[in-house]
Amino acid sequence: MASKPRIKVPKSASAGEVITIKTLISHEMESGQRKDKEGNPIPRRIINKFTCAFEGATVFECDLDPAISANPYFEFNAKVAQSGTFKFTWVDDDGSVYEAEAPIEVK
Amino acid sequence: MKLTRRNVLGLSVGAAAFTIAGIQARPASAATEATQKSIMDFTGGAEPAAGKVSLTAPEIAENGNTVPVTVSVDSAMEGDDLVASIVVFADGNPNPAVATFHFSEMSGAALATTRIRLAKTQDVIAVAKMKDGSVFMDKKQVKVTIGGCGG
């Protein structure tokens, strides 16, 4: 269901510079509060965890609750000392894991 | 009791008085019990102090389904001056927890933006926990025109 995540990471940065990263993933984030036409509750299905790691070290993490809007969007900062790859992970309630990567060049 | 004109009048006056008293009895700063409990669970029983953490949210949100919220903490994010995590609560939602952000030294700045759902006009609360265990809180009321929790 979740499509390819969209990520915005600067192509290059200077060492020690604080950069801004933006991520967006398509997901319904079914809260579990809604009911279908027959009045039965629609089961909860959300992304419950988002992680951003740089070369294996965790940069930013978020535990999500149903109050996060559909298509969860995050904007946060990172500071890197050398070139490398950011790895982004989203974990779904049903166990599926969505992943994406973005490289950065440090001059 | 028979539903006479006099009775109905008396009842409505009583109801109105009760409503006013109810509003006054609840101080503007009080969070609901469930939220208060979640905050205490997060801080380990410490009462959060004001300041340091700031929560940015629109004063009026037309659509409660997606309300942009930014939390940030005035911190160098180095050595001991490090923010461990920030948790966001929406006081008036069926389930007050919204999100917990965890930071590291590589975060560079303790700042995060996301979009949240708000069921009705309510207080949004951000609580930040520093590496040394101190806790800070900020709160903002958001007026919601259309609620965002379905139903």
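Protein chains get the first letters and strands the later ones, always in sequence-line order, with residue 1 at the start of each.
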Please classify the contact between [X] and chain B as side chain, backbone, both or neither, with a heavy-atom cut-off of under 4.5 Å.
| X | value |
| --- | --- |
| A:Pro41 | neither |
| A:Ala70 | both |
| A:Ile21 | neither |
| A:Leu64 | backbone |

Ignoring hydrogens, what is the shortest heavy-atom contact between [X] and [Y]? Give both atom names and the distance.
| X | Y | answer |
| --- | --- | --- |
| A:Gln33 | B:Pro94 | NE2-CB, 3.4 Å |
| B:Arg117 | A:Glu28 | NH2-O, 3.3 Å |
| A:Ala67 | B:Ala97 | CB-O, 3.8 Å |
| A:Tyr73 | B:Thr114 | O-OG1, 2.7 Å |

Stepwise, does the side-chain contact (heavy atoms from CB on, under 4.5 Å) test hold for B:His102 with A:Thr51?
CA-CA 9 Å; B:His102 305 279; A:Thr51 316; over 6 Å; no

Given A:Phe74 and B:Phe101, is the side-chain contact (heavy atoms from CB on, under 4.5 Å) satisfied, shown in steps?
CA-CA 10 Å; A:Phe74 289 109; B:Phe101 304 108; 3.8 Å; yes

Please enumerate all residues that pass salt bridge (Lys or Arg N to Asp or Glu O under 4.0 Å) together with [X], with sequence neighbours excluded.
| X | value |
| --- | --- |
| B:Glu59 | none |
| A:Asp93 | A:Arg44 |
| B:Lys131 | none |

Mind checking whether A:Val91 and A:Phe50 sit in one hydrophobic cluster, side chains of I, L, V, M, F, W, Y counted as touching below 4.5 Å?
no

Look at the side-chain heavy atoms of Ile, Leu, Val, Met, Phe, Trp and Tyr, link any pair under 4.5 Å apart, and say whether A:Leu24 and B:Val67 land in one connected group.
no

How about B:Gln141: does its CD atom have over 12 heavy atoms from other parts shown lying under 6.0 Å from it?
yes

Could you have a look at A:Val59, A:Val18, A:Ile19, A:Asn71 and say which one has the most heavy-atom pairs with chain B under 4.5 angstrom?
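It is A:Val59.
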
Say you draw a straight line from OG1 of B:Thr100 to NZ of A:Lys49; how long is it, rounded to the nearest 0.5 Å?
8.5 Å

Which of the residues B:Val88, B:Thr66, B:Asn95 is involved in the greatest number of heavy-atom pairs with chain A at under 4.5 angstrom?
B:Thr66

Quick check on the structure: residues of residues 103-113 of chain B within a heavy-atom distance below 4.5 Å of chain A, by number.
B:Phe103, B:Ser104, B:Glu105, B:Met106, B:Ser107, B:Gly108, B:Ala109, B:Leu111, B:Ala112, B:Thr113

For A:Ser69 and B:Arg115, indicate whether the former's side chain and the latter's backbone hold a donor-acceptor pair under 3.5 Å.
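Confirmed, A:Ser69 side chain pairs with B:Arg115 backbone.
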
Checking side-chain contact (heavy atoms from CB on, under 4.5 Å) for the pair B:Val98/A:Asp65: CA distance, chi angles, key distance, verdict?
CA-CA 5 Å; B:Val98 173; A:Asp65 283 287; 5.5 Å; no

